[in-house]
Undergrad: 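Below you will find the structure I want to go over with you.
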Amino acid sequence: MSLWNVKKRCQKKLNRTYHYKNKHIHTMRKLVLTCASLFLLSSAFAQTLFTYGQYPVSKQDFVRVYEKNSINKKADYSEPALREYLNLYSLFRMKVKEAEIQRLDTLPNIQHELDNYRKQLAKNYLTDEEVTNKLLREAYDRMKEEVHVEHILILCPLGTDTTAAYRKIDSLYKVATHKKADFAALAKEYSEDKGSKDNGGDIGYITALSTVYPVENAAYNTEVGKISAPFKTQFGYHIVKVIDKRPANGQIRIEQIMVAVPKSKGAEGIEAGRKRIDSVAMLLKQGASFEVLVKQYSDDKFSVNEGGKLPPFGVGHYVPVFENAAFALKNPGDISAPVQTEYGFHIFKLLERFPLKPYDSVEVTLKHKIENDSRAQTARDIFFEKIKEKNGYKEYPENVQALVAKMDQMISDTGKLAHMFRAMDYRSMTKPVFSLAGVNYTQADFAKFIETTTHGRLMGAKQVATKDLLRMYVSNVVNDFEEHKLIDENPDFKNLMEEYRDGIMLFELMDRNVWGKASKDSVGLNEFYEAHKNKYMWQPGFKGAVYHFKTEALAKEGVKLMGKKGATDEDVIKKINTDANPDGVSVQRGHFEFSHFKDVPQSDVEKAKITSPIKNADGTYYVVKTEDLYKEPTQKSLDEARGYVVAEYQDFLEKQWHDQLRAKYPVKVDETVFKSLVK
């Protein structure tokens, strides 16, 4: 809290007390003492710890950053640790100041990155905390129960007319709720969900967070044997029938043997797959190792290298027949009979069961999932409605209708310009479509948003599309409005944004003064190399090639090939690496130092000679072909030492730059304030 805000706060308290001074003298005395304490507290935290040049840094800012960056969140308040960090932090502030002076935060690439980060960060703040907590508890409570559902979906993509889709689902609902209706038969005939249509709309058991929120709501709010009223998701309109509800099974971990059956092979492929899985089942009954059979028979490329093990999963993760067979296993070590799915045949072995953990131990993970789940939009919608109400939001539907009417005139449904939408055609329309915080957002503004969002192609019914697009536009405006207010109203958000801004500006500044400069400044790099060239030496070694062979037989064959007059590396590789043995040999060519080839006796390496095959610890072999021999250290050229030279030149430039910054911004520490930090 700033000193000014403390003053205002105290003054307000004193003013309120003044009206009741005759009755509350004791209270007033306590209040004055409290205000005095607040003044002292504010003053203490506003103390300047150090200055760099003319710029002060407060004790409060230093402590906040120091504690945040402490290892394991345990700040070391010893004097040496504080001195070291102050030295680093003061240099950091100098760099930030230089970046600000150069206005690096105005660069388009940095602006773009900051905007993206602000939008991502703001999602954690632009929500109703009370609603979020209720959603957290609701999700956890629902995770205690699993619901078996069938559903019918009528597709209705964004921007299409919803009327026909709703009429169709409503008529199906009326038929489905008739006593003699067969829901599964209706799903097979009418549902547009390809994943469940052939199964009579059966999507198996679900639990919280295993499907979109509206479907989850319908499942948990509908009684067993009943059918939900029609509802909408981003996919279209649904009705859901609840078949069963049961206590949650939690999660399980299994390993599997899968025999794949490509659909292209038809009935013949299914029969072949069945015979193969039955033979595996027989071997298991005879006591064969499950893990060994995984390696021999399983076609699941994602789990075969893990011994068939799958990550832990709960209901709603795999197709129903897969999950039913897996969850039917009771005890670790139990093995299922062969199970057929659309992918082929499976045999499962239960490894472990994981019951639902207590709420406190899953709260953080659950919150993260909810933030990325469709239900998070519920909390955001409620929060945005509060923002709109607080800031005098008002809609002008008649002006929206006028825009739609002009769209009907301007947009053709046929020809080369079919569905073409151009914002410039509506630039003269300046009436508001809505207002927020006293600012009007006009028809022309909305038209620009439409063109950007639709890429200038407005498909479907214009009335429906405009309604959806306006909802998106309002949401974007309200979101941006509140995002920018966060920096002024939320200290945590402001600090995080400033830290990120400082970080990306520093990256740009370092690239300009150190990294990029070292790689682009060829004159400076060459001068640095010449001044330090004695550091960049080849130690005793050889120039030539090192051949790595898979087996001793291939190494011997390679030696014979290398010995032929005019033989090249490519000749050896082409001869050794065949289709049957594609990785028989590989070649490294260059300048080698004996210190990196300790297994090779230096006496065996001779100029223009080939060594005998030398065995590696892993059973492979290598052969050295020497073109030149160096028994004394030799000079590396700049190109040969470039990596080392560039790295050391960067260090040189950085140190030089740091010295310049410290000279420009001399640091002065208030030792009294500093000593107050030492513990």
Side-chain angles (χ1 to χ4, degrees), residues 514-577 581-656:
V514 179
W515 305 323
K517 187 174 181 180
S519 59
K520 295 172 186 175
D521 181 12
S522 57
V523 174
L525 186 67
N526 190 67
E527 289 176 353
F528 183 82
Y529 165 76
E530 290 295 334
H532 303 83
K533 63 190 306 180
N534 290 339
K535 292 177 63 178
Y536 311 116
M537 305 292 289
W538 287 114
Q539 295 307 306
F542 62 94
K543 226 181 216 182
V546 179
Y547 292 75
H548 297 267
F549 293 95
K550 196 172 182 180
T551 65
E552 184 179 15
L554 291 174
K556 288 180 177 178
E557 184 183 352
V559 170
K560 290 179 181 178
L561 292 168
M562 283 184 269
K564 291 182 178 180
K565 188 176 180 180
T568 64
D569 297 342
E570 291 71 22
D571 294 333
V572 177
I573 292 171
K574 188 175 181 180
K575 188 70 176 177
I576 299 289
N577 290 346
N581 196 15
D583 57 347
V585 64
S586 61
V587 183
Q588 287 178 276
R589 178 165 285 280
H591 197 137
F592 302 91
E593 296 172 327
F594 286 126
S595 58
H596 295 163
F597 285 88
K598 294 179 181 178
D599 294 336
V600 182
Q602 293 187 28
S603 58
D604 289 355
V605 179
E606 298 180 40
K607 186 174 181 179
K609 296 289 185 181
I610 301 170
T611 66
S612 300
I614 302 161
K615 190 175 183 179
N616 291 309
D618 61 358
T620 61
Y621 287 78
Y622 66 91
V623 172
V624 174
K625 183 179 180 181
T626 309
E627 294 172 359
D628 212 343
L629 189 63
Y630 305 94
K631 294 185 177 181
E632 299 294 334
T634 55
Q635 181 67 53
K636 287 183 180 179
S637 68
L638 176 56
D639 285 340
E640 289 173 329
R642 183 170 293 276
Y644 297 102
V645 179
V646 168
E648 293 187 5
Y649 187 43
Q650 285 177 348
D651 292 341
F652 168 77
L653 289 174
E654 186 171 14
K655 184 180 182 302
Q656 190 180 61

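In what follows, every heavy atom counts, from backbone to side chain, and hydrogens, waters and symmetry copies are set aside.
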Undergrad: Does E552 reach the main-chain N or O of P613 with its side chain, forming a donor-acceptor pair under 3.5 Å?
TA: no
Undergrad: If you measure from the Lys or Arg side-chain nitrogens to the Asp or Glu carboxylate oxygens, is any gap between K533 and E530 under 4.0 Å?
TA: yes
Undergrad: Could you check if a side-chain atom of K607 sits within less than 4.5 angstrom of a side-chain atom of E627, using non-hydrogen atoms only?
TA: no
Undergrad: Hey, is the main chain of G544 close enough, under 3.5 Å, to the side chain of D628 for a donor-acceptor pair?
TA: no
Undergrad: For a side chain to side chain donor-acceptor pair (under 3.5 Å) with W538, tell me which candidate from E640, E632, E593 qualifies.
TA: E640
Undergrad: At what distance, to the nearest 0.5 angstrom, does CG of L561 lie from CD1 of I573?
TA: 11.5 Å
Undergrad: Once salt bridge (charged side-chain N to carboxylate O under 4.0 Å, His left out) is applied, do any residues pair with K655, and if so which ones, sequence neighbours excluded?
TA: D659
Undergrad: Does any N or O in the side chain of Q650 come within less than 3.5 Å of the main-chain N or O of A518, such that one atom is a donor and the other an acceptor?
TA: no
Undergrad: Measuring from atom CD of E527 to atom OH of Y649, what distance do you get when rounded to the nearest 0.5 angstrom?
TA: 7.5 Å
Undergrad: Side chains of D618 and T620: do they bring a donor and an acceptor to under 3.5 Å?
TA: yes
Undergrad: Between T551 and Y621, which heavy-atom pair has the shortest distance, and what is it?
TA: C-CD1, 3.8 Å
Undergrad: Do you know which of L525, N526, D639 makes side-chain contact (heavy atoms from CB on, under 4.5 Å) with V645?
TA: L525
Undergrad: At their closest point, which heavy atom of Q588 faces which heavy atom of H548, and how far apart are they?
TA: OE1-NE2, 2.8 Å
Undergrad: Between T611 (side chain) and V624 (backbone), is there a donor-acceptor pair under 3.5 Å?
TA: yes
Undergrad: Report the distance from atom OG1 of T626 to atom NZ of K543, rounding to the nearest 0.5 Å.
TA: 13.0 Å
Undergrad: Among residues two or more places apart or on two chains, list those pairs meeting salt bridge (charged side-chain N to carboxylate O under 4.0 Å, His left out) that have a residue in residues 563-577.
TA: D569-R589
Undergrad: Tell me whether K636 at atom NZ has more than 12 heavy atoms from other residues, nucleotides or ligands lying less than 6.0 Å away.
TA: yes
Undergrad: Are side-chain heavy atoms of I576 and Y547 found at a separation under 4.5 Å?
TA: no
Undergrad: Look up atom CH2 in W515 and atom CD in E654, then write down how far apart they are to the nearest 0.5 Å.
TA: 8.0 Å
Undergrad: Starting at OH of Y529, measure out to CD of E648 and round the result to the nearest 0.5 Å.
TA: 12.5 Å
Undergrad: ring-ring contact (aromatic ring centres under 6.0 Å, His included) with Y536: which residues, sequence neighbours excluded?
TA: none
Undergrad: Do H591 and Y630 have their ring centres less than 6.0 Å from each other?
TA: yes
Undergrad: Under 4.5 Å between any side-chain heavy atoms of L554 and N581, yes or no?
TA: yes
